[in-house]
Amino acid sequence: MAKSPNKRITNLRALAAMTLAPVISGSRSLSTTLDKALDAVEPKEKPLMQTLCLGSLRVFPKIDLIARKLLQKPFKSRDNDVYALIVLGIYQMDYLRTPDHAAIGETVEAAKALNKPWASKLINGVLRNYQREKVALQHKLNGSMAFQHAHPQWFIDLVRADWPQDWQAILAANNQQPPITLRANKRHCDQKTLLEALHKAEVGAHLCEHSRDGITLEGAADIPALPGFNEGHFSVQDEAAQLSASLLDIQANQRVLDCCSAPGGKAGHICEQANNIDLTCLESDASRMPRVEQNLARLGHTAKLIVEDANAVDSWWDGVPFDRILLDAPCSATGVIRRHPDIKLLRRPSDLAKLAQLQAQILRSVWRTLAPGGKLLYATCSVLKQENENIVSHFVNEQNDARHIPLDNNQPVTWGVERPFGRQLFPQENGHDGFYYALLEKTRD
């Protein structure tokens with residue numbers, strides 16, 4: 001297995017290969033390797049580093065098919081960094097403006113930086129073969145749906161079965177670079193005031209279509225350098241995720257549970273809905289709770305933070321019912337693949353049944369803590385029915401005191417697709433991520 005990225009490696013492409021190697025092997029997520037790698041490069045090189053890693057993973061299923069055709073035999077796991085270099089070389093040749101000869105030369109040099117000089121000749125041969133055979137090879141592979149859509153075949157099959165009218169648009173959006181979206185902190189400024197501050201700083205941005213607090217940036221940005229960041233005037237949060245707090249219809253002095261809270265974006269938004277919110281943030285992963293605390297502190301909010309398994313209700317609940325619950329359930333994250341393209345490599349079909357079981361279990365557990373007349377919003381960043389409407393449908397049918405509330409019950413809803421239970425959002429090019437929401441009320445009788 002490749003070494004972890006460190007500052008002794010100065011070749012950017014070699015560092016990118018080391019960052020991707022554990023992702024390709026299935027042992028690490030990109031989020032656990034990329035941040036460390038970015039610390040090892042100069043600030044001016046960070047955008048290219050992110051482009052190489054995120055971009056190559058977005059189209060990895062396609063490049064992987066090409067690379068396997070070009071290689072006589074697969075690499076051993078300890079040489080996944082060399083395989084990652086081949087992937088990066090093909091990515092540069094096909095998707096960046098790098099001339100073929102430059103992409104080949106830079107990739108060969110990177111092999112030397114990995115202290116694997118034996119790989120230089122192999123990489124040079126593979127990439128030059130691709131340069132010569134590109135048209136014929138791509139034509140041969142074009143019959144593969146995985147090649148056409150740059151997704152694993154099992155995932156294509158699931159999305160196509162769930163959404164026969166929308167599956168191609170979903171897959172296409174997954175392959176796009178997502179926009180950066182901000183959420184104005186209403187405790188400090190409103191949406192239009194934040195937009196004016198951005199425009200004054202010559203930052204291209206426009207109001208979101210659906211979120212009353214959201215602003216979408218029209219390009220990349222150094223977030224901490226934007227006006228108002230240090231003062232807590234905004235958070236970075238996708239527009240779809242921004243819909244959750246308003247759907248909960250939070251009132252002053254209510255007791256609210258944010259279940260599966262990390263990284264804390266929705267928790268901050270909950271605090272901005274009304275005065276004197278008594279918020280509890282529940283998160284099972286202790287390593288993620290500091291991020292919740294940091295985000296709330298920057299925004300000027302406070303909450304009770306509990307690190308505990310949501311299903312261990314008797315361990316963390318004090319017996320006082322919650323008026324509102326946001327359950328952002330653990331899921332496949334298939335609605336945010338464009339932000340986390342390593343999902344294409346790391347997720348397995350067998351994960352879905354396990355996740356569905358966990359989602360249903362958590363829903364049953366936290367339902368116990370909801371007050372009669374209280375509301376629970378079930379949310380995921382998945383586009384799969386198995387994790388969304390199927391979970392809610394089964395729960396409502398088995399739980400006598402659960403009532404489904406259509407999301408357009410009190411006001412027109414212009415986003416997503418109405419389902420028998422809840423609404424489904426698909427990822428949109430230059431717009432919001434894929435998300436699912438369903439609102440439930442605990443009956444009083």
Side-chain angles (χ1 to χ4, degrees), residues 31 183 235 237 241-251 253-274 276-333 336 354-382 387-388 391-392 395 399 402 435-442:
S31 62
R183 187 196 77 240
S235 296
Q237 187 180 41
Q242 292 184 31
L243 301 173
S244 60
S246 60
L247 291 173
L248 274 169
D249 185 30
I250 297 170
Q251 306 298 317
N253 303 308
Q254 285 188 330
R255 181 173 163 88
V256 182
L257 172 66
D258 180 12
C259 185
C260 310
S261 184
K266 298 181 185 69
H269 204 189
I270 286 171
C271 293
E272 296 155 19
Q273 298 304 298
N276 301 318
I277 299 299
D278 180 7
L279 176 64
T280 296
C281 296
L282 182 66
E283 173 58 47
S284 62
D285 187 345
S287 68
R288 302 187 71 198
M289 188 59 92
R291 181 81 180 276
V292 178
E293 186 174 15
Q294 292 164 8
N295 284 333
L296 290 175
R298 185 180 62 81
L299 297 172
H301 305 318
T302 59
K304 182 179 181 181
L305 308 182
I306 300 177
V307 177
E308 186 60 83
D309 182 350
N311 286 312
V313 175
D314 294 333
S315 297
W316 58 264
W317 185 40
D318 61 7
V320 180
F322 294 99
D323 302 296
R324 299 287 187 269
I325 296 176
L326 171 60
L327 172 52
D328 192 0
C331 70
S332 63
V336 293
K354 297 175 184 176
L355 285 167
Q357 183 179 16
L358 177 62
Q359 291 151 1
Q361 187 177 14
I362 294 176
L363 178 55
R364 288 193 299 268
S365 295
V366 299
W367 187 258
R368 289 174 48 195
T369 72
L370 183 64
K375 297 176 181 178
L376 180 149
L377 184 66
Y378 178 87
T380 77
C381 55
S382 170
E387 302 180 275
N388 296 337
I391 296 291
V392 175
F395 179 78
Q399 191 75 32
F435 232 84
Y436 172 81
Y437 288 114
L439 186 63
L440 305 177
E441 181 181 47
K442 181 177 278 191

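The first residue in the sequence is number 1, and the count goes up from there.
The two residues Gln237 and Gln242 come nearest to each other via the heavy atoms O-NE2, 2.8 Å. Annotation for Arg183 and Leu299: closest pair NH2-CD1, 3.8 Å, computed over non-hydrogen atoms. Contact detail for Ile270 and Ala245: the closest heavy-atom pair is N-CB, 4.2 Å. Residues Cys271 and Leu279 share a closest heavy-atom pair of SG-CD2, 3.5 Å. Smallest separation of non-hydrogen atoms from Val292 and Gly264: CG2-N, 3.9 Å. Heavy-atom minimum distance, Tyr378 versus Ala329: CE1-CB, 3.9 Å.
Ser284 and Glu308 form no side-chain donor-acceptor contact under 3.5 Å, judged by distance and modelled atom types alone. Judged purely by distance below 3.5 Å, without hydrogens or angles, the side chains of Ser365 and Asn311 pair a donor atom with an acceptor atom. A donor and an acceptor atom, one from each side chain of Gln251 and Asn253, are nowhere located under 3.5 Å apart.
Salt-bridge formation is not detected for the pair Asp258/Lys266: no Lys NZ or Arg NE/NH1/NH2 atom is positioned less than 4.0 Å from an Asp or Glu carboxylate oxygen. Note on Asp278 versus Arg255: salt bridge recorded, some NZ/NE/NH1/NH2 to OD/OE distance being below 4.0 Å.
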Review point. So Thr369 and Val313, side-chain contact (heavy atoms from CB on, under 4.5 Å) or not? Walk me through it.
Key: CA-CA 8 Å; Thr369 72; Val313 175; 3.8 Å; yes
Exercise for review: Determine, stepwise, if the pair Ile306 / Lys304 fulfils side-chain contact (heavy atoms from CB on, under 4.5 Å).
Suggested key: CA-CA 7 Å; Ile306 300 177; Lys304 182 179 181 181; 4.0 Å; yes
Exercise for review: List the steps and the verdict of side-chain contact (heavy atoms from CB on, under 4.5 Å) for Ile250 and Val256.
Suggested key: CA-CA 8 Å; Ile250 297 170; Val256 182; 4.3 Å; yes
Practice item. Apply side-chain contact (heavy atoms from CB on, under 4.5 Å) to Asp249 and Arg324, showing your working. Key: CA-CA 8 Å; Asp249 185 30; Arg324 299 287 187 269; 3.9 Å; yes
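Rounding to the nearest 0.5 Å gives a distance of 9.0 Å between CG of Leu326 and SG of Cys260. A distance of 9.0 Å separates CZ of Arg364 from CD1 of Ile391, quoted to the nearest 0.5 Å. Expressed to the nearest 0.5 Å, how far CG of Leu257 lies from CG of Leu370 amounts to 9.5 Å. We find the CD-CZ distance between Glu283 and Arg288 to be 5.0 Å, quoted to the nearest 0.5 Å. To the nearest 0.5 angstrom, Gln273 atom CD is 8.5 Å from Ser244 atom OG. We find the CG-OG distance between Leu377 and Ser246 to be 9.0 Å, quoted to the nearest 0.5 Å.
At a threshold of 4.5 Å between non-hydrogen side-chain atoms, the residues Leu363 and Gln359 do not count as touching. For the pair Lys375/Leu440, no side-chain contact is recorded, criterion being any heavy-atom separation below 4.5 Å from C-beta on. Contact of the Thr380 side chain with the Asp328 side chain is not registered, since no non-hydrogen atoms from C-beta on lie closer than 4.5 Å. In this structure the side chain of His301 reaches within 4.5 angstrom of the side chain of Glu272, judged on heavy atoms. The shortest distance between side-chain heavy atoms of Cys259 and Thr280 does not fall below 4.5 Å. A 4.5 Å side-chain heavy-atom check between Ser261 and Leu282 finds every atom pair outside the cut-off. The closest side-chain heavy-atom distance from Tyr436 to Ser382 is not below 4.5 Å. In this structure, the side chains of Phe435 and Leu243 stay at 4.5 Å or more apart for every pair of heavy atoms.
No more than 12 heavy atoms of other residues, nucleotides or ligands sit less than 6.0 Å from atom CD of Glu293.
Note on ring orientation: taking the six-membered ring where Trp is involved, the planes of Phe322 and Trp316 are tilted (angle from 30° to 60°).
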